Amino acid sequence: MTSFLKYYSMALTTIQFGQCGNQVGHEIFSTLVKDIIAPKPGISLHDNDEYVQSACSQWFEHNDGLDKLCARAVLVDTENKVVEELLRKQSSNSQWMYNRKSCAIGSGGAGNNWALGYQRKGPELLESVSEALRVENEKADRLAGILSITSSAGGTGSGVGSFIMENIHDEYSKKTFFNALVLPFEEGEVVTQSYNTLLTLAKVWSVSDATLLLQNDHLNSMLLNLLHYKNVGISDLNSIIALKMAGSFQPLQGTTFSPNMTVSDIVSHIAPHPAYKFFSIKSSPHIPRESKKFEGSSQWNILTKHMRQMLRMNSFSPDSVAVDWELKQPSSVPPSMHSLQQFWCSVSNLLLTRGPGLSNAQCKPSFDFLEKANHPRWVPQEAAFTHCHQTRRFNDQDKFACLVTNNSQVHIPLNNVVEKAWKMFTHKAYLHQYTKYGLLEEDFVDAFVKIETVIKAYRELNV
Amino acid sequence: MMSEFITVQVGQCGNQIGSAFWPLALQEHGIATSKPVSQQQRSRYNDAFHSFFSSPSDTSGASYKSLHDLENAKVKARAVLIDMEDSVVARFRNGPLRKLFDETLLLTNYPGSGNNWAEGHHAHGSEYASGIVDVVRRAAERSDHLHGFLLMFSVGGGTGSGLGTATLKLLADYFPEVDRFVTCVYPSGHEDVVTAPYNVMLATNVLLEYATCVLPADNKSLLDICAYLQNRKESAESAKAVAAASPYEDMNSIIVNMLLNFTSGSRFPGSLNVDMSEISTNMVPFPKLNFLSCGLTPLGFSSSHILQVPKQVEPWARDHQLLKIDPLAGTLLSATLLSRGSVTLSDMRYNVSRLQARGRFTPWNQDAIKVGLCSVPPNGHPAAHLSLLNSTSLGGFFSHIGGQFDRMYRRKAHIHHYLQIDGFSNSEFLDSRQSLYDTIGHYQQLANSQDAALDRLQVM
């Protein structure tokens, strides 16, 4: 395998914050490994080796002595239960592991309180996180960037995550610095989730190059409607996140019809303007386990058209998502074209397709995606849409497509958060819990201003 | 590295709750006391053992199967026992769990408080303050990650009510960073303590001021729950499950089950952990609104007989509350649902939406629900659910306390017993009363609060 050293790609170090971040991170690495060792890559041995080398060096440490892959990850939490559980699970895993030394664990939890996490627990953990991160990064020949994974609902991921990201980002200002943020169920997971989410959004907006927003409600709907789950567990939600992220950030390849892109390229492509830094990932197909073997694989052009439909909005009331195409299976029946059909205005879209049998002649996704009205005028056409491809089968599926998209739809979840947080704030509810750790009312106002500005910018894209 | 808790049991009632607490806590960790423990695989959760117990040698809890093992390893309960009279604490000293309690953490043999809050709070409170702090500090020194105090006492009498709340103040002074959860028992009104209305009012006011969260129970609710359990078929089993003969034992077990469920998220792993420190952030929207109505499903006790728990549960229902109020009749300021055992996220989402449909949430936080999933079920059940509700119905509960107080104070009945205590003066009655009525007013205001018409910030 050493002969393929030339294919070593850039390394990405992941920081997993809090219960959610750690569980999601674990799921992502598991998915990556499953993909890496998949028995039927559908491409030549040589090409597969190249893919495997590239994926391994991006996500895992290079170590000669061990027969296990070791994740380039730093695990951060304010209590040890979750990380202990993960490490315990890992000890019996024969394919990959975490580096036990790359854990920074506090105690006592962050009490679902952003202020406690940001003002107290974050500073307590900063040194050990920086040190663990430094050790991880030194193991990389070339570091591409840092990926932080956190949820916004609680106190650790949101507060500690915000503090650490804010304090290390200068050190890595020349690297790609992006994060995945899991937004809580809107019906409630944590009573103070709107405050925590608002404060987190405002911080990550300032420090990261781009932020992937993941909505638990939406992931839950995918599992219920698309995969026909009767019972959804947290790990099921996480498995969808892992598929979306692995499907987007595993190595791509240059082809006659599409450029190659690294993770850094993707991040800088998807957030080309400092006012628009939130993106999401749509993916398809997600096929129920029981019907997998009966499912005839659809055509590439059907799949890419389907991906395009995911940018559709309900033209009659722009603020509601009446038809969500990500909750449907791709179908050869063409969607009824309505004259009032409208699409979310996108700052940038990236279509990533994975699987054999795609050629330029067969489908021209850029045809579908590049309608002028769907992009603000200031975005040059060649930057508005990019199609990238990898011929290797992903996740043991013949075809898998991810649409990495930065579009105006994101104003809806952001608006819901601000709406709820503002109501609580005007009643001064729960403020004493935050001010007791030194956060000021002005800090809340600053966060409101920042996110209201973002919402306005996104909302006005479609006007 | 698990969160650690120290129980502080004050007075007769507090120590009776304690005597129900420890056998059940041991059972949760797979250690048989008097009856067989249902065979569940608990060895994975050895760490959790240290939440309630300390051992000088850091043997993992795995090796402990019986009281004998605990004795050999010199394992001690993280418990501070305080009582004026010796009787209840003496039972610990002579009972089967005697080796579990550290003699140096017992404070006893003092004269009683004569059902007088002022005597317990001011006279004994100041006399034994340094002794109490010493004992608690000794217990705290044996913990690495002290997370919270669980205080247990009744508020009707003199010792628990008076000295218990004095202890609470001391903890707030000396351990300001450690959460103080109080579970206290309110009298039903039929007890023979004439001065209970005074004691209740004075104690309640300290609780509002100094506790992180209060998990109250009242004797009437507990009696009704016991009666309900007795009328069910499987209750014969349930009733037998609690060994001792005292009628209070059953009632105390209900409180203990609540406490074990309440702390489960801090002790055991789960897919949605709830640490104790999260409870007050989620549940207390304004200072002093720290009383939470607790509801349990199933209500039955731990026993060898496994009770089925339906997917559709209503721990928030009126007859499942440890306090005689109907929380859903008022406006809900916040809610927490903690589920243990075989409960999936979908079950949880289902219950959340049912609570959303049933309850009337405050207009400024329609989604004020905190959820927790702990993977370890309680002993004897496949699953259990605990709801904590901060409802404006609690205002009615406080009004009742104020009314009872006023009725007696108007006649100045018995007040001379209080006024003769050094450190207590009539103004304390009046100030406490005023403060209680302010809180009642706050609840009323929140019950009627309208959606804010304040516009969101406009950005240019």
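Each chain gets a letter, A, B and so on, in the order its sequence line appears, and its residues count up from 1. From a predicted model like this one, the values you see are computed outputs, not experimental measurements.
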side-chain contact (heavy atoms from CB on, under 4.5 Å) between B/Asp275 and A/Thr78, worked out: CA-CA 11 Å; B/Asp275 259 31; A/Thr78 52; over 6 Å; no
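Of the atoms belonging to A/Gln23, it is side-chain heavy atoms, and not backbone ones, that fall under 4.5 Å from chain B. Heavy-atom distances place both the backbone and the side chain of A/Lys420 under 4.5 Å from chain B. When heavy atoms are compared at a cutoff of 4.5 Å, B/Thr362 does not approach chain A at all. Both the backbone and the side chain of A/Glu189 come within contact range of chain B, with heavy atoms under 4.5 Å apart. For chain A, the nearby part of B/Leu333 is the backbone; its heavy atoms alone come within less than 4.5 Å. Residue B/Ser353 touches chain A through both its backbone and its side chain, counting heavy-atom pairs closer than 4.5 Å.
The CZ atom of B/Arg349 sits 7.5 Å away from the CG atom of A/Asn220 when rounded to the nearest 0.5 Å. Note: A/Glu85 CD to B/Ser375 OG = 6.5 Å, rounded to the nearest 0.5 Å. The distance from the NZ atom of A/Lys81 to the SG atom of B/Cys374 is 8.5 Å, given to the nearest 0.5 Å. Between the CD atom in A/Glu187 and the CD atom in B/Gln366 there is a gap of 10.5 Å [rounded to 0.5 Å]. Note: B/Asn273 CG to A/Cys20 SG = 12.0 Å, rounded to the nearest 0.5 Å. Taken from OG1 in A/Thr156 to CD in B/Glu278, the straight-line distance is 7.5 Å, to the nearest 0.5 Å.
Remark: side-chain polar atoms of A/Tyr430 are not paired, donor with acceptor, to backbone N or O of B/Thr281 under 3.5 angstrom. Judged by distance alone, with hydrogens and angles left aside, the side-chain atoms of B/Asn282 form no donor-acceptor pair with the main-chain N or O of A/Val190 at under 3.5 Å. Between the A/Gln433 side chain and the B/Pro285 main chain, no donor and acceptor come within less than 3.5 Å of each other. Between the side chain of A/Trp422 and the backbone N or O of B/Asp455 there is at least one donor-acceptor pair closer than 3.5 Å. Not a single donor-acceptor pair under 3.5 Å links the side chain of B/Thr344 to the backbone N or O of A/Val232.
You'll find the side chain of B/Val284 reaches within 4.5 Å of the side chain of A/His432, heavy atoms only. Annotation: side chain of A/Arg120 is in contact with side chain of B/Glu177 (closest heavy-atom distance under 4.5 Å). The shortest side-chain heavy-atom distance between B/Leu345 and A/Leu237 falls under the 4.5 Å cut-off.
Chosen from A/Leu431, A/Ile455, A/Leu116, A/Thr453, the residue pairing most often with chain B at heavy-atom distances under 4.5 Å is A/Thr453. Ranked by heavy-atom pairs under 4.5 Å with chain A, the first of B/Ser277, B/Pro287, B/Ser266 is B/Pro287.
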